[in-house]
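Numbered from 1 within each chain, the chains take letters A, B, ... in sequence-line order. Atoms considered below: every heavy atom in the structure, side chains included; atoms not considered: hydrogens, waters and symmetry mates.
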Protein chains: 2
Amino acid sequence: MTRQRDKGTITINDIARMSGVSKKTVSRVINKSPSVGAKTRLLIENIIKDTGFVPNPQAQALAFRRSFLIALVYDNPSPQYIANIQRGVLKALEGTRYQLVLRPCDRAEPDYHENILSFVRQHNPFGLIFVPSVSEDTALTQKLKDKNCHFVRLASLDLGDPAHQIMTADAEGAKLAARHLAQLGHTKIGHIHGPELFQSTHERRAGFKAGLAEFGLNLEPELTVEGAYTFNSGVKCATTLLHGKERPTAIFAGNDEMAVGVYLAARKAGLQIPEDLSVVGFDDTPVVSRIWPPMTSVKFPIRDLGFDAAKLLINSDKLPPNERRTSPQIVELNLIIRESTSAPKSKML
Amino acid sequence: MTRQRDKGTITINDIARMSGVSKKTVSRVINKSPSVGAKTRLLIENIIKDTGFVPNPQAQALAFRRSFLIALVYDNPSPQYIANIQRGVLKALEGTRYQLVLRPCDRAEPDYHENILSFVRQHNPFGLIFVPSVSEDTALTQKLKDKNCHFVRLASLDLGDPAHQIMTADAEGAKLAARHLAQLGHTKIGHIHGPELFQSTHERRAGFKAGLAEFGLNLEPELTVEGAYTFNSGVKCATTLLHGKERPTAIFAGNDEMAVGVYLAARKAGLQIPEDLSVVGFDDTPVVSRIWPPMTSVKFPIRDLGFDAAKLLINSDKLPPNERRTSPQIVELNLIIRESTSAPKSKML
DNA sequence: TTTCTTTGTGACACCGGTTACCTATTAATA
DNA sequence: TATTAATAGGTAACCGGTGTCACAAAGAAA
């Protein structure tokens with residue numbers, strides 16, 4: 001590594017010299033500390049503005065023991081999900097000094113806690129954003145709390161930690177899907193859910209079950225299979241369902257990735273969507289309108305969640321602990337009905 | 001910002017004390033400088049290993065004037081593309097101390113150069129990876145060279161800067177697509193290319209044209225339209241082509257996103273793929289097998305490119321400038337034939 | 001043996017900010 | 001008016017590493 005001197009860079013000392021004060025006073029102005037005279041503050045502020053001076057983040061990171069990095073920690077297998085959340089976060093970080101760094105992880109690895117903790121120890125990020133399912137690992141976030149580290153979790157149920165959490169009403173969203181299918185007249189309804197590791201799996205399944213129950217329908221165990229939130233698992237699970245002895249007339253998939261897999265399986269089985277099989281996805285990612293027929297899906301505002309999470313993080317320093325949110329922010333979901341759902345053939349006389 | 005003392009952290013001073021040398025000597029060992037006695041070096045290395053000491057990146061960043069950040073700079077509108085490249089880069093960075101930060105940008109903004117340069121000035125990233133089309137902005141990279149900043153460009157043609165470049169043979173890839181369609185017997189072939197701003201647009205179009213020429217075919221101007229590398233633009237352009245007076249029997253799209261748009265447009269026009277219309281995409285992103293029929297596409301190893309780019313960057317310090325690559329690394333593309341292409345109806349007697 | 005290199009190591013300043021602590025005003029209270 | 005408290009600002013050490021340079025010890029050449 002070769003050192004490179006950049007004469008053009010302007011430092012806090014330059015500002016101090018130009019305004020005739022000590023660098024400490026400049027530092028006070030930068031950090032909006034009190035005990036700086038009004039005229040002095042104004043003078044310095046103007047000089048800072050004129051020169052375009054920006055404090056060196058590395059130096060601040062060293063002194064503050066906290067860098068300007070915000071890490072997105074994820075183990076979510078859906079690239080669509082990750083891409084969207086990134087966009088939201090980036091939007092919120094625009095114009096700030098914070099940078100988004102990516103931290104994929106794998107809960108199956110034995111030392112994954114240690115990986116994340118050592119990242120935190122070494123890089124002292126300003127904060128972390130946890131996406132399901134890592135976000136649901138309370139053992140992990142507890143370790144972070146001990147380190148007094150900022151973080152926000154995206155979760156599908158209340159983890160009892162409102163100041164650090166954005167909650168999505170997954171169960172309610174799934175309930176909407178159930179009602180929609182029941183109202184269309186379906187009675188044999190299949191469900192492909194995600195891995196048990198994900199809380200969203202339980203929430204969505206429970207909500208779906210509750211929605212069916214409102215219409216006196218059951219979520220039959222033999223029509224319920226576990227996928228991996230991936231396309232391939234969707235194909236596989238749907239194939240299983242479609243070749244079982246009681247073929248469902250509708251399938252609700254735990255996310256869009258798997259729902260797209262259902263499309264493929266239906267095709268291979270010679271079934272038409274929605275005539276022979278209605279399909280409902282979850283997330284409402286862009287793919288829903290790129291396949292045919294456009295898919296009915298529960299809209300999950302992933303991008304907005306990323307935005308909110310980042311904003312929450314950035315502001316977490318501004319409010320003293322006792323003024324922070326004590327009730328969780330809940331994001332409502334809604335169903336977008338497209339052309340992948342219709343009444344079952346038996347009712348289409 | 002509240003300071004937080006972390007007693008658990010071990011510093012270079014601790015190592016120095018434990019090994020009975022000055023911290024400068026420890027620093028030498030860390031940085032593999034010569035002129036450290038063999039036994040001293042071994043002693044210190046062992047102590048470092050035993051304690052699990054890792055030098056503080058913020059402090060090093062300050063002293064080195066270079067952080068451990070690698071920025072991915074992109075303006076590419078395809079989320080699939082970005083997601084894949086990220087995965088490759090992250091893979092290469094795994095186990096290193098480098099972190100991936102995201103830097104989306106917009107070439108249409110007047111101060112986008114300044115945005116990137118000010119990011120570089122402030123955060124002193126170790127290096128940058130440029131993805132098309134930003135990668136083709138030679139005015140921008142020239143400014144970076146003046147700052148002695150590491151970077152790698154992904155490009156579809158030789159930008160005359162082999163040490164900083166990974167080149168893809170886009171023209172050759174497009175030629176394969178042309179030959180395939182020509183061999184199937186198509187003569188009226190449409191092309192939806194990307195924005196003129198992207199060099200890949202020109203390369204792919206030129207390669208496609210050359211491939212057709214081998215079979216005595218022309219790329220007719222009225223069957224050539226400009227898209228934006230996005231799904232929606234694909235739908236729009238394909239609709240135009242399919243409703244023109246000379247309807248093509250095959251369409252080659254500049255990327256998969258647009259090719260998927262062609263699928264939708266064909267559907268709306270009541271055309272079957274591949275019977276009424278053959279479609280070839282470019283990139284071979286996962287979406288090609290999620291739609292029906294599975295799409296023929298030119299395989300563009302995006303993920304590998306990301307991996308290679310990151311590796312190249314990481315190693316750029318290890319080789320002295322005069323030993324660096326002088327001929328560009330060229331990545332070959334190949335055509336993956338699936339079910340979206342067949343002979344035109346007229347030849348299917 | 002003396003002198004010139006080479007090699008190994010430490011002292012100290014520095015990177016660009018910040019905190020802890022101290023001093024000099026000025027305003028408020030007695 | 002004397003005393004106290006609050007306010008404005010400065011000094012020095014520090015955050016955790018690195019560059020520069022001086023210097024002693026060891027090996028090579030004279």
Side-chain angles (χ1 to χ4, degrees), chain A residues 1-45 48 51 53-68 97 121-124 126 317, chain B residues 1-45 48 51 53-68 97 121-124 126 317:
Chain A
M1 270 193 212
T2 50
R3 175 182 277 210
Q4 190 65 16
R5 187 163 291 279
D6 188 349
K7 292 289 189 187
T9 302
I10 163 167
T11 75
I12 198 172
N13 291 297
D14 300 325
I15 303 295
R17 194 166 354 91
M18 293 167 81
S19 32
V21 298
S22 74
K23 67 176 188 174
K24 176 65 235 197
T25 301
V26 177
S27 167
R28 287 192 177 100
V29 172
I30 294 171
N31 294 293
K32 307 199 195 310
S33 319
S35 66
V36 176
K39 60 269 168 254
T40 311
R41 158 160 284 139
L42 204 66
L43 170 69
I44 298 178
E45 277 172 350
I48 289 180
T51 55
F53 164 74
V54 179
N56 178 316
Q58 283 93 50
Q60 287 191 310
L62 185 57
F64 279 137
R65 292 171 177 72
R66 182 160 278 180
S67 68
F68 289 89
R97 310 177 56 207
R121 264 197 307 273
Q122 280 182 46
H123 293 273
N124 298 112
F126 178 85
D317 260 345
Chain B
M1 272 191 210
T2 50
R3 175 181 276 211
Q4 191 65 18
R5 186 162 292 278
D6 188 349
K7 291 288 189 188
T9 302
I10 163 167
T11 75
I12 198 172
N13 291 296
D14 301 324
I15 304 293
R17 196 168 351 91
M18 293 166 80
S19 33
V21 298
S22 75
K23 67 177 188 173
K24 178 65 229 198
T25 300
V26 177
S27 167
R28 289 194 175 96
V29 172
I30 295 171
N31 293 294
K32 307 200 195 311
S33 317
S35 67
V36 176
K39 61 266 168 256
T40 313
R41 158 159 283 138
L42 204 66
L43 169 70
I44 298 178
E45 277 172 350
I48 288 180
T51 54
F53 164 74
V54 179
N56 179 317
Q58 282 92 50
Q60 288 190 310
L62 186 56
F64 278 137
R65 291 171 180 72
R66 182 161 278 181
S67 69
F68 288 89
R97 310 176 56 209
R121 263 197 307 274
Q122 281 183 45
H123 292 273
N124 298 111
F126 176 85
D317 261 344

Side-chain atoms of A:P55 come closest, of D:dG17, C:dG17, D:dT18, to C:dG17

Output for pair (B:M18 CE, B:N13 CG), nearest 0.5 Å, gives 12.5 Å

When rounded to whole Å, the CD to P distance for the pair B:Q122 and C:dG17 reads 11 Å

Rounded to whole Å, CG of A:L62 lies from C1' of D:dC15 at a distance of 4 Å

Less than 4.5 Å apart, any side-chain heavy atom of A:I30 and any of A:F53?
yes

B:Q60 CD to C:dG16 P, in whole Å, measures 17 Å

Between B:A59 and B:G20, the residue closer to the 5' end of DNA chain C by nearest nucleotide is B:G20

From CG of B:N124 across to C1' of C:dG17 the rounded distance in Å is 14 Å

Quiz prompt | Close side-chain approach of B:V54 and A:R121, heavy atoms under 4.5 Å | solution = no

Of D:dG16, C:dG16, C:dT9, the nucleotide closest to the side chain of B:T11 is D:dG16

Taken to the nearest whole Å, NZ/A:K24 to P/C:dT23 is 18 Å

Heavy atoms of B:R28 and B:P34 approach each other most closely as CD-O, 4.5 Å

Of the candidates D:dT18, D:dC15, C:dG17, the side chain of A:F53 sits closest to C:dG17

Taking five pairs at each terminus, the helix from C:dT1-D:dA30 to C:dA30-D:dT1 shows an axis bend, to 10°, of 40°

B:D14 atom CG is separated from D:dG17 atom P, nearest whole Å, by 9 Å

query: OP1 or OP2 of C:dT9 sitting under 4.0 Å from any side-chain N/O of B:T40?
result: yes

Rounded to whole Å, CG of A:N13 lies from P of C:dG17 at a distance of 7 Å

Residues of residues 26-35 of chain A with a heavy atom under 4.0 Å from any atom of DNA chain D, listed by number, are A:R28, A:S35

dist A:Q122:CD -> A:S67:OG (nearest 0.5 Å) comes out at 11.5 Å

Looking only at C:dG10, D:dG9, C:dT9, the nucleotide nearest the A:V36 side chain is D:dG9

The side chain to side chain donor-acceptor pair (under 3.5 Å) partner of A:Q60 among A:R65, A:R66, A:R97 is A:R97

key: N/O donor-acceptor pair, side chain A:K23 with base C:dG16, under 3.5 angstrom   = no

Whole-Å distance, A:I44 CD1 to D:dG9 P, equals 8 Å

Phosphate contact (C:dC15 OP1 or OP2) by A:Q58 side-chain N/O below 4.0 Å:
no

* Give one of base, sugar-phosphate or nothing for A:S22, where a contact means two heavy atoms less than 4.0 Å apart. => base

Nearest heavy-atom approach of A:D14 to A:T11 is OD2-N, 2.8 Å

In terms of heavy-atom contacts, B:T51 and B:I48 come closest through OG1-O, 3.2 Å

Return a table of donor-acceptor pairs under 3.5 angstrom between the side chains of residues 19-26 of chain B and protein atoms on other chains or two or more places apart.
from  : atom 1 : to    : atom 2 : distance (Å)
B:S19 : OG     : B:I15 : O      : 2.5
B:S22 : OG     : B:K24 : N      : 3.4
B:S22 : OG     : B:T25 : N      : 3.4
B:S22 : OG     : B:T25 : OG1    : 3.4

CD1 of A:I10 to CG of A:N56, rounded to nearest 0.5 Å, is 12.5 Å

